*Asks:* 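Right, I'll just put the structure down here and ask away after.
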Amino acid sequence: MKRVFAYIISVISILTFSACAVIISDESYSMAVHGQTMMKYENFNCSQETLRNATLLALEERGWIITDKNNPIKARLTKLRQDARLAIDVRPNSLWIETKGSLVDGNKAYVPISYLNNLLLSIRKNVQILSK
């Protein structure tokens, strides 16, 4: 009985986590439709070089493929139905991130909000580490 219960829990967990990975908010689609593909993030309280290094490190940690390390940094992440693309302009104390070109199912434009939120968490963590 314990094996059956463990198996059922495993299947439910896998399905739950898989569903989360492919759910894209209406806001993500709406932003792309309205041309709101540029995001600005501020208040990193570090040098521009530290912010650049923290960003490159966060991209690598999160599995993004960096296609250009110049400014803007260009990166791509392909997972399941999503092809997220970023152009990150590192400026003093801020990041300007363009998401134009990000697609779901190969033809539907979207803004990869959840990927951006996760990336920003890693960038802020890395800024703290690199600033020590």
Side-chain angles (χ1 to χ4, degrees):
M1 184 66 174
K2 287 182 182 179
R3 275 190 163 170
V4 171
F5 182 71
Y7 177 76
I8 291 171
I9 294 298
S10 296
V11 169
I12 290 171
S13 296
I14 290 169
L15 292 174
T16 300
F17 290 120
S18 296
C20 291
V22 295
I23 295 173
I24 300 162
S25 71
D26 290 338
E27 180 184 15
S28 291
Y29 292 121
S30 177
M31 289 174 71
V33 167
H34 292 97
Q36 300 168 335
T37 58
M38 176 70 80
M39 311 298 141
K40 180 182 179 184
Y41 301 93
E42 299 179 287
N43 302 320
F44 291 94
N45 300 320
C46 65
S47 71
Q48 188 170 351
E49 187 62 25
T50 298
L51 182 54
R52 182 181 186 290
N53 290 336
T55 301
L56 288 168
L57 182 58
L59 287 165
E60 290 175 9
E61 289 171 346
R62 293 283 179 173
W64 289 79
I65 296 169
I66 300 169
T67 57
D68 190 346
K69 290 186 177 184
N70 294 314
N71 204 22
I73 298 167
K74 294 183 182 175
R76 180 178 184 177
L77 182 67
T78 303
K79 285 193 175 181
L80 302 173
R81 302 169 28 221
Q82 302 174 56
D83 183 16
R85 296 173 186 240
L86 305 178
I88 305 170
D89 186 8
V90 181
R91 298 183 185 180
N93 206 34
S94 67
L95 295 174
W96 292 69
I97 303 178
E98 175 61 67
T99 64
K100 188 182 277 187
S102 297
L103 298 172
V104 175
D105 296 330
N107 63 357
K108 192 165 186 180
Y110 85 117
V111 174
I113 295 170
S114 61
Y115 289 151
L116 285 175
N117 290 339
N118 291 333
L119 182 62
L120 263 292
L121 288 172
S122 292
I123 292 170
R124 290 192 187 279
K125 175 193 66 123
N126 290 340
V127 163
Q128 290 179 353
I129 292 168
L130 295 174
S131 294
K132 289 182 180 180

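All of these numbers come straight from a predicted model, not from anything done at the bench. Every heavy atom of this structure was used, including side-chain atoms; hydrogens, water molecules and symmetry mates were not.
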*Asks:* Tell me every residue that passes side chain to side chain donor-acceptor pair (under 3.5 Å) with Asp68, counting only those two or more places apart in sequence or in another chain.
*Replies:* Asn70
*Asks:* Once salt bridge (Lys or Arg N to Asp or Glu O under 4.0 Å) is applied, what residue pairs with a partner in residues 24-39 remain, sequence neighbours excluded?
*Replies:* none
*Asks:* Could you work out, with salt bridge (charged side-chain N to carboxylate O under 4.0 Å, His left out) as the rule, every residue matching Asp105, not counting sequence neighbours?
*Replies:* Arg81
*Asks:* Please identify each residue that fulfils salt bridge (charged side-chain N to carboxylate O under 4.0 Å, His left out) with Arg76, with sequence neighbours left out.
*Replies:* Asp83
*Asks:* Pair up each side-chain donor or acceptor in residues 125-132 with any protein partner under 3.5 Å, not counting sequence neighbours, and list the distances.
*Replies:*
from, atom 1, to, atom 2, distance (Å)
Asn126, ND2, Ala54, O, 3.3
Asn126, ND2, Glu61, OE1, 3.3
Asn126, ND2, Ser122, O, 3.2
Ser131, OG, Val127, O, 2.7

*Asks:* Name all residues meeting the salt bridge (charged side-chain N to carboxylate O under 4.0 Å, His left out) criterion together with Arg91; count only those two or more places apart in sequence or in a different chain, and write none if there are none.
*Replies:* Asp89
*Asks:* Taking C-beta and beyond as the side chain, do Arg62 and Leu77 meet within less than 4.5 Å on heavy atoms?
*Replies:* no
*Asks:* In the hydrophobic clustering (ILVMFWY, side-chain contacts below 4.5 Å, transitive), which residues join Trp96, or is it alone?
*Replies:* Met38
*Asks:* Can you confirm whether Ile65 is buried at CD1, in the sense that more than 12 heavy atoms of other residues, nucleotides or ligands lie under 6.0 Å from that atom?
*Replies:* no
*Asks:* Between Ser28 and Val111, is there a donor-acceptor pair closer than 3.5 Å when you use the side chain of the first and the backbone of the second?
*Replies:* yes
*Asks:* Please enumerate all residues that pass side chain to side chain donor-acceptor pair (under 3.5 Å) together with Ser114, with sequence neighbours excluded.
*Replies:* none
*Asks:* Without swapping roles, check the side chain of Thr99 against the backbone of Leu86 for a donor-acceptor pair under 3.5 Å.
*Replies:* no
*Asks:* Could I get the full list of salt bridge (charged side-chain N to carboxylate O under 4.0 Å, His left out) partners for Arg52, not counting sequence neighbours?
*Replies:* none
*Asks:* How far apart are the closest heavy atoms of Gly101 and Arg85, and which atoms are they?
*Replies:* O-CD, 3.4 Å
*Asks:* Who pairs with Glu49 by side chain to side chain donor-acceptor pair (under 3.5 Å), at least two apart in sequence or on another chain?
*Replies:* none
*Asks:* Spell out, yes or no, whether Leu57 and Tyr41 are grouped together once hydrophobic residues are joined by side-chain heavy atoms under 4.5 Å, including indirect joins.
*Replies:* no
*Asks:* On the 0 to 90° scale, with breaks at 30° and 60°, tag the Tyr110-Tyr29 ring pair as parallel, tilted or perpendicular.
*Replies:* tilted
*Asks:* What residues, two or more places apart in sequence or in another chain, satisfy side chain to side chain donor-acceptor pair (under 3.5 Å) together with Glu98?
*Replies:* Thr37
